[in-house]
Amino acid sequence: MNESDTSRHFLRQWIEGDVAAGKTGGKVVTRFPPEPNGYIHIGHAKAICVDFGMAELFGGDCHLRMDDTNPAKESDEYAENIKKDISWLGFKWSGEGDGKEPGFYNASNMFDKMYEIAENLIRAGQAYCCNLTQEEWKAYRGVPEKPGVPSPRRDTPPEENLRIFREMRDGKYADGEWCLRAKIDMASPNIHFRDPVIYRIRHVSHYHLGDKWCVYPMYDFAHPIEDALEGVTHSMCTLEFEVHRPLYDWVVDRLDEMGLLVERGGVKIRPQQREFARLNLTHTVMSKRLLLQMVQTKVVDGWDDPRMPTVCGMRRRGFTPGAIREFCERIGVSKTESESDPALLEWCVREELNKTATRRMAVLDPVKVVVDNFVGSREIELPDNPLDEGAGTRKMVFGREIWIDRADFMEIPEKKFFRMAPGQEVRLRGACIFKCTGCIKDESGKVVEIHGTWDEQSWGGNAVDGRKVKGTLHWVDAATGVPVKARLYESLFSEKNPLKDGPEKFLDYLNPGSVREVSGFAEPALADAKPGERFQFERTGYFVKDRDGAFNRTVTLKDSYKPA
RNA sequence: UGCCUCGUGGUGUAAUGGUAGCACCGCAGAUUCUGAUUCUGCUUGUUGGGGUUCGAGUCCCUGCGAGGCAACCA
C-alpha cells in the first residue's frame, strides 16, 4: 500500500490542513481509546486503522489508552486481550506512555490530575455539587425541546462545594447521593450543556487502582483531559459523539484557562475531536452488549467463536491481519451511515490467501472410487502453490481406491456438469484421466462406490492425443490418506439486518446452518499442519487449523458453477 | 413538533463550481490440470422542487428520507 492508494478522506484532509497551519507543533498525535469491558471487533478494527493509520501517515504517534473510567464493567483480562488483538492486527502504539510501556496509557493514571482539575473548576465557580436524585435530575434537565430548570444547589458558594466534593472523595456518601456537575447552561438546546455530571460516586474497586477512589470522572469530562494532557492533536471517534463535541471543547477551554495545555514545538496543543461513521456489516451484530449476550447464553462458543465478528474470532476463523486492514482501507471513511457487505471482506481474504496459502487436497464428503484397471500405486508431486514457485512441492500416492467429493459425481449428469458421471471423462488432479463406468448404490439409492478406468497414456494428467478434458477433480488416496475433521462456517445470521425487529429479537434470525462439522480424508502432508496454519483445500475453500486439530473454513472459493 | 448530522449504481466510496470515476457484488466471454486465479466486456447512480451560474453531485432556499442527542455508560 503506498500513500496515493489511500483515499484522501475528510479526516485526512482535516489533519493535513492542521499540519500545514502549524497546529500540531510538528507532530500529529492520535489515540485509540478502548474501554476494557469487552473484546474488540471488526468495527473497532476500522477505528484502529483510522487512528493508527493517520498517525502513521503523518509520521506521528498513536497512543493506546485504556479508557477505564467506569470500574464497574472493566477488567484486566479485557485490557490484555485488546492489546493482543491490536498487535495481531499489526499496529504498534507509540509515544511517551504514562508508565513503563511506550505509547501505552491508562485514563485511570490521570485520576489525580482530573480530581485537581475538578477542584479548580469548583473554585472558579464552574462546577458545583448536586444532590438531586437521578429521577429529579432527569426532570430538572428537561427534554431537548424545552429548557431545563436549574438545580437548587446551582449557586452554592465554591467553599461549600469544595467541602462536599472532598467528602465525596473521602467516602462520606453513598453512590448517587451527590455528584459534581459542570455549571454551563440549563437552557441550551444541546442536552449535554445542561450542567452535565462530571464526577459520580462509585464504591467499586478499580481493576487497575483498587480502592484508591470512590469518585470517578465521567467520559465527557475525562476524555478531553486525557487527550489534552497526552498532547493528542486529533481525536477521532464515532458519529454519536458529535453532540458531545461542544462539551469537549468547553473542557479544553477550561484547561486552556488553567494553563494545562501541553506545548510542543512552541505551540500550545489544543486537541480537537472529529467524528466518522462506524462500520456496520450486514448479517451481523456489532454491539458489545449483544455479543456479550451471545457469549453468556452460549449461542456461540465464546468471544473467539469463529463466527463472531470479534478480532479473536476472525483470527480463529483464519482471517489474516492484512485482509482485515485491506478491508478497512477499501470501505473508506466518511460521515455517511452505511452497511458494508461482508462479500468485500471475503474478497479481501481470498485475495491474500490465493497468493499465500499452501494447497492441499481434502475430501470432506467422501465417496469411494475404484479404478478397476489400476494396479499397485504410483507417486506424484504437486506444487504447494502454483502461483508461487518458491513455495515448493509435496508428494503423494495415487492408488486403485481413492476418495472424491460426493458433489463431484452425478449418476445422471445435468447439462454442463463437467465432473464425474458414467461415460464421462474427468482428470484426477495431478494423476490421470479417468472414465467412469458406473456406480453401486445401497437399498436407499445412495451411491456407495463408483467404478471406472484410467487412461494409462495420460499419467501426469494430459492425454497423449491432446483431447481436452473439461473437469479436474481433487481426490485423496484411500490407502495413504489421513482422516480430517472440518467445520464449515457460514454467516451467523440469516437475516441481512438481525436487529430489524429490535435488539430483543435478534436471536430469532440466527442462521441454523452457521456451522457444520464434517469429516473426511486429506492427503498425508496435511497431517503435519500446525494450529494457525492456513491452507487452500483445492476446489473447496480456505481453511485454518484450529487448536483442537480440526480445520475451520475461513471462506469458500468462489464458485461459478450453477446447477441447471 | 428543540438541536445536530447525513443522502451519489445492489453495496461501499471518489469527484473540493468544469467529461459522474473506482472497487465489491452480479452478468457474459477468453484462458485454465482448482468451474479458482488471470484477462476482456457489460448492466446499474447524483432524494424531489425551485434558485445562483456560461456551467451545479458540489453553492443557496425549500420539501422528503435516514440517523444521532434526553445513563451519575463509553
Side-chain angles (χ1 to χ4, degrees), chain A residues 7-10 13 33-35 37 67-70 72-74 107 130 132-134 137-138 141-148 175-181 188-194 196-202 215-216 218-220 222-223 237-246 275 277 279 282 288-289 327 330-348 350-351 354-355 359 361 382 386-387 416-419 426-433 458 460-462 468-474 536-541 556-562:
Chain A
S7 91
R8 299 175 55 84
H9 55 69
F10 76 106
Q13 294 181 40
E35 185 186 13
N37 68 348
D67 211 0
D68 52 356
T69 57
N70 182 4
K73 304 187 287 180
E74 298 157 3
C130 180
L132 253 26
T133 64
Q134 269 187 69
W137 151 226
K138 225 172 169 173
R141 182 185 44 212
V143 290
E145 296 89 328
K146 291 191 200 102
D175 289 8
E177 210 173 327
W178 287 88
C179 66
L180 184 70
R181 293 223 254 157
S188 172
N190 184 338
I191 287 278
H192 298 98
F193 261 26
R194 323 249 264 227
V197 174
I198 57 175
Y199 254 97
R200 81 295 215 183
I201 301 172
R202 277 272 184 287
V215 289
Y216 292 94
M218 298 286 292
Y219 170 87
D220 281 318
H223 208 84
C237 60
T238 43
L239 250 26
E240 70 268 26
F241 290 101
E242 206 156 22
V243 256
H244 296 241
R245 190 154 101 203
E275 312 79 15
L279 167 65
T282 61
K288 269 197 222 176
R289 200 189 97 234
F327 172 70
R330 281 173 178 268
I331 54 169
V333 181
S334 75
K335 297 191 71 157
T336 312
E337 294 189 55
S338 57
E339 278 195 314
S340 291
D341 189 338
L344 180 59
L345 216 205
E346 294 181 355
W347 181 87
C348 291
R350 286 191 192 107
E351 163 87 355
N354 180 44
K355 292 181 194 140
R359 268 57 168 179
M361 292 203 283
L382 281 175
L387 267 39
K416 293 208 176 168
F417 182 79
F418 306 137
R419 285 114 93 144
V426 290
R427 176 161 33 237
L428 295 171
R429 171 132 198 167
C432 61
I433 294 175
S458 70
N462 286 312
K468 296 288 178 202
V469 177
K470 190 87 177 158
T472 299
L473 267 43
H474 63 287
Q536 184 198 90
F537 288 179
E538 297 207 43
R539 300 211 313 133
T540 304
T556 60
L557 249 36
K558 213 173 137 186
D559 182 9
S560 60
Y561 170 64
K562 285 164 221 59

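Predicted model only: the values in this text are computed from it and were never measured. Naming: A, B, ... by sequence-line order, numbering from 1 per chain.
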How about [X] and [Y]: do any of their side-chain heavy atoms sit closer than 4.5 Å?
{"X": "A:Glu35", "Y": "A:Tyr219", "value": "no"}
{"X": "A:Arg539", "Y": "A:Thr472", "value": "no"}
{"X": "A:Val197", "Y": "A:Gln134", "value": "no"}
{"X": "A:Arg427", "Y": "A:Asn462", "value": "yes"}
{"X": "A:Phe241", "Y": "A:His223", "value": "no"}
{"X": "A:Asn190", "Y": "A:Pro246", "value": "yes"}

To the side chain of [X], which of [options] is closest?
{"X": "A:Arg429", "options": "B:rA74, B:rU34, B:rU38", "result": "B:rU34"}
{"X": "A:Lys558", "options": "B:rA74, B:rU37, B:rC73", "result": "B:rU37"}
{"X": "A:Lys138", "options": "B:rA23, B:rC25, B:rA71", "result": "B:rA71"}
{"X": "A:Arg539", "options": "B:rA23, B:rU34, B:rA74", "result": "B:rU34"}
{"X": "A:Ser334", "options": "B:rC27, B:rA14, B:rC72", "result": "B:rA14"}
{"X": "A:Arg200", "options": "B:rC73, B:rG35, B:rG12", "result": "B:rC73"}
{"X": "A:Glu35", "options": "B:rG35, B:rC73, B:rU13", "result": "B:rC73"}
{"X": "A:His192", "options": "B:rC72, B:rG12, B:rA70", "result": "B:rA70"}
{"X": "A:Glu538", "options": "B:rU34, B:rU5, B:rU13", "result": "B:rU34"}
{"X": "A:Pro189", "options": "B:rG2, B:rA36, B:rC6", "result": "B:rG2"}

>> Given the structure, check if the side chain of A:Arg359 and the base of B:rU34 hold any donor-acceptor pair shorter than 3.5 Å.
In response: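 Counting by modelled atom types and ignoring angles, a donor-acceptor contact under 3.5 Å is found here.
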
>> Any donor-acceptor pair, under 3.5 Å, between the side chain of A:Glu339 and the base of B:rU11, if you only look at N and O atoms?
In response: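 By the distance-only test, no, there is no pair.
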
Between [M] and [N] - [atom1] atom distance, rounded Å:
{"N": "B:rG49", "M": "B:rG65", "atom1": "C1'", "result": "15 Å"}
{"N": "B:rA15", "M": "B:rU8", "atom1": "C1'", "result": "10 Å"}
{"N": "B:rU40", "M": "B:rU31", "atom1": "P", "result": "15 Å"}
{"N": "B:rC60", "M": "B:rG17", "atom1": "C1'", "result": "13 Å"}
{"N": "B:rU44", "M": "B:rU53", "atom1": "C1'", "result": "31 Å"}
{"N": "B:rU58", "M": "B:rU52", "atom1": "C1'", "result": "13 Å"}
{"N": "B:rC4", "M": "B:rU38", "atom1": "P", "result": "48 Å"}
{"N": "B:rU11", "M": "B:rG2", "atom1": "P", "result": "31 Å"}

Within the structure, does a side-chain N or O atom of [X] lie under 4.0 Å from either OP1 or OP2 of [N]?
{"X": "A:Ser560", "N": "B:rA36", "answer": "yes"}
{"X": "A:Ser340", "N": "B:rU11", "answer": "no"}
{"X": "A:Arg141", "N": "B:rC72", "answer": "yes"}
{"X": "A:Ser338", "N": "B:rU13", "answer": "yes"}
{"X": "A:Trp137", "N": "B:rC72", "answer": "yes"}
{"X": "A:Arg330", "N": "B:rC22", "answer": "no"}

Interatomic distance, [X] [atom1] vs [N] [atom2] [rounded to whole Å]:
{"X": "A:Glu74", "N": "B:rC73", "atom1": "CD", "atom2": "P", "value": "11 Å"}
{"X": "A:His223", "N": "B:rA74", "atom1": "NE2", "atom2": "P", "value": "11 Å"}
{"X": "A:Leu239", "N": "B:rA66", "atom1": "CG", "atom2": "C1'", "value": "12 Å"}
{"X": "A:Lys562", "N": "B:rG29", "atom1": "NZ", "atom2": "P", "value": "10 Å"}
{"X": "A:Ile201", "N": "B:rC72", "atom1": "CD1", "atom2": "C1'", "value": "9 Å"}
{"X": "A:Glu242", "N": "B:rA66", "atom1": "CD", "atom2": "C1'", "value": "14 Å"}
{"X": "A:Lys146", "N": "B:rG2", "atom1": "NZ", "atom2": "P", "value": "12 Å"}
{"X": "A:Glu346", "N": "B:rA23", "atom1": "CD", "atom2": "C1'", "value": "16 Å"}

>> For B:rA66, give the paired nucleotide (Watson-Crick: N1-N3 plus N6-O4 or O6-N4; G-U: N1-O2 and O6-N3; both under 3.5 Å), or none.
In response: B:rU5

> For B:rU11, which nucleotide in any strand shown is its Watson-Crick or wobble partner with both distances under 3.5 Å?
Replying inline: B:rA23

> A:Phe418 or A:Asp220: which one's nearest nucleotide on RNA chain B is closer to the 5' end?
Replying inline: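 Closer to the 5' end of RNA chain B: A:Phe418.
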
> If each of A:Asp559 and A:Asn70 is mapped to the nucleotide of RNA chain B with the nearest heavy atom, which maps nearer the 5' terminus, i.e. the 5' end?
Replying inline: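 The residue whose closest nucleotide sits nearer the 5' end is A:Asp559.
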
> Within the distance-only criterion (no hydrogens, no angle test), does the side chain of A:Glu346 pair as donor or acceptor with the backbone N or O of A:Pro342 below 3.5 angstrom?
Replying inline: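 Not a single qualifying donor-acceptor pair exists.
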
> For B:rA71, does the O4'-C1'-N9-C4 (purine) or O4'-C1'-N1-C2 (pyrimidine) torsion place it in syn, i.e. within 90° of 0, or in anti?
Replying inline: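 Nucleotide B:rA71 adopts syn.
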
